[in-house]
Number of protein chains: 2
Amino acid sequence: MTPEQVDATFAALAHPVRRRVLDLLSGRPGMIVGAVASHFDISRIAVMKHLATLEDAELVLSEKVGRERRLYMNPMPIQQIYDRWTNQLSGFWASRMADIKESVERRSEEKKHA
Amino acid sequence: MTPEQVDATFAALAHPVRRRVLDLLSGRPGMIVGAVASHFDISRIAVMKHLATLEDAELVLSEKVGRERRLYMNPMPIQQIYDRWTNQLSGFWASRMADIKESVERRSEEKKHA
DNA sequence: TTCATTGGTAACCCGATGGTTACCTTTTCT
DNA sequence: AGAAAAGGTAACCATCGGGTTACCAATGAA
């Protein structure tokens, strides 16, 4: 996965509408553009732009059937990114972090009451 | 985790500089602001703004010690988000998706050569 | 063949974001 | 006390992102 692809994926996930689109498509694969758009208060064109960035990031795949476009979510980029991150950040996860957070909060409390 | 927190987390992760900051802090917990800034070509103030959004998203915790600020990465928001998503999107992961992607690509190839 | 449906493009607008420089405050070192 | 070091604030600027309306193209149904 190239850095550009990583970038595109994170950027695509940054918008709540796009995340909801992924939710919709994961629940009902093969939805067409208009059906997706009908779930939002914004214009169809706005939704289409979101779909475009999702497709750029390969988080959504589509096939054209007649005059309509069927949309499918592709979870693999998320999977890949998560794998890389968890490896890269390992030795760090969970338990050790809880200690640090607690210690920071404790000290900040001490200062408040000082 | 409130929707706002989810939003803040994804938005914070959307910028490559901020992701690199997290990498740095995970590798060397307790770095101070200037040390982090020295790893980038942009100004210290720009880096501080990135740190601010990371702290808003609680992806970075900090404690002030004398005139310096020690910075720590907090992986828990990422962990939580990933857990929710994998549950929400389950029934979908990996194998089933590979089939769909292949089928889409095959049909698109057929069209090209038609 | 019309005409409705579905999707796509173009041009535009505004607010958010990411960057800058200039200046100020606090802490530490001599 | 005074200077250097570390961090923070303010004001500003350019680009980008997310939205809009208006219009066009292709497909399918009557």
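Each chain gets a letter, A, B and so on, in the order the sequences are listed, and its residues count up from 1. Please read these numbers as outputs of a predicted model, since none were measured by experiment.
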Item to check | Proximal nucleotide (of C:dT20, C:dG8, D:dG28) relative to the A:Arg67 side chain | outcome: D:dG28
Next on the checklist: What is the separation between atom NZ on B:Lys64 and atom C1' on D:dG8, rounded to the nearest whole Å?
Outcome noted: 8 Å
Next on the checklist: I'd like to know if B:Arg44 reaches the base of D:dG8 with its side chain, counting only an N/O donor and acceptor under 3.5 Å.
Outcome noted: yes
Next on the checklist: Is it the case that the base of D:dG17 and the side chain of A:Lys49 share a donor-acceptor contact (distance under 3.5 Å, atom types as modelled)?
Outcome noted: no
Checklist entry - Roughly how many Å is it from CD in A:Glu55 to P in C:dG8, rounded to a whole number? => result 8 Å
Checklist entry - Rounded to the nearest Å, what distance is computed from the NE2 atom of residue A:His15 to the C1' atom of nucleotide C:dG15? => result 12 Å
Next on the checklist: The side chain of B:Ser43 is closest to which nucleotide in this list: C:dT20, D:dG19, C:dG19?
Outcome noted: C:dT20
Checklist outcome for this item: Paired with B:Leu59, the side chain to side chain contact (heavy atoms under 4.5 Å, CB included) test is passed by just one of B:Leu13, B:Leu25, B:Leu51, namely B:Leu13
Next on the checklist: Check this one for me: any side-chain N or O of B:His50 less than 4.0 Å away from OP1 or OP2 of C:dT17?
Outcome noted: no
Checklist entry - To the nearest Å, how far apart are A:Ile45 CD1 and D:dA22 P? => result 11 Å
Checklist entry - Going by heavy atoms in the side chains, are B:Tyr72 and B:Glu63 under 4.5 Å from each other? => result yes
Checklist outcome for this item: Side-chain contact check for A:Val33: nearest option of C:dG18, D:dT21, C:dG7 is C:dG7
Next on the checklist: Heavy-atom nearest nucleotide on DNA chain D for B:Ile32 versus A:Asp41: which residue maps closer to 5'?
Outcome noted: B:Ile32
Checklist entry - According to the interplanar angle, ranging from 0 to 90°, do the rings of B:Tyr82 and A:Tyr82 count as parallel (below 30°), tilted (30 to 60°) or perpendicular (above 60°)? => result parallel
Checklist outcome for this item: Atom CG of B:Leu51 and atom C1' of D:dG7 are separated, to the nearest Å, by 11 Å
Checklist outcome for this item: Taken to the nearest whole Å, CZ/B:Arg19 to C1'/C:dG18 is 15 Å
Checklist entry - A:Met48 has a side chain; which of C:dT9, C:dT6, D:dA6 sits nearest to it? => result C:dT9
Checklist entry - Same hydrophobic cluster for A:Met31 and A:Val17, using side-chain heavy-atom links shorter than 4.5 Å among ILVMFWY? => result yes
Checklist entry - Rounded to whole angstrom units, what separation is found between the CG atom of A:Asp56 and the C1' atom of D:dC16? => result 15 Å
Next on the checklist: What is the separation between atom CD on B:Glu68 and atom C1' on D:dA6, rounded to the nearest whole Å?
Outcome noted: 8 Å
Next on the checklist: Just so I know, are the side chains of B:Val21 and B:Leu71 near enough to count as touching, which here means a heavy-atom distance under 4.5 Å?
Outcome noted: no
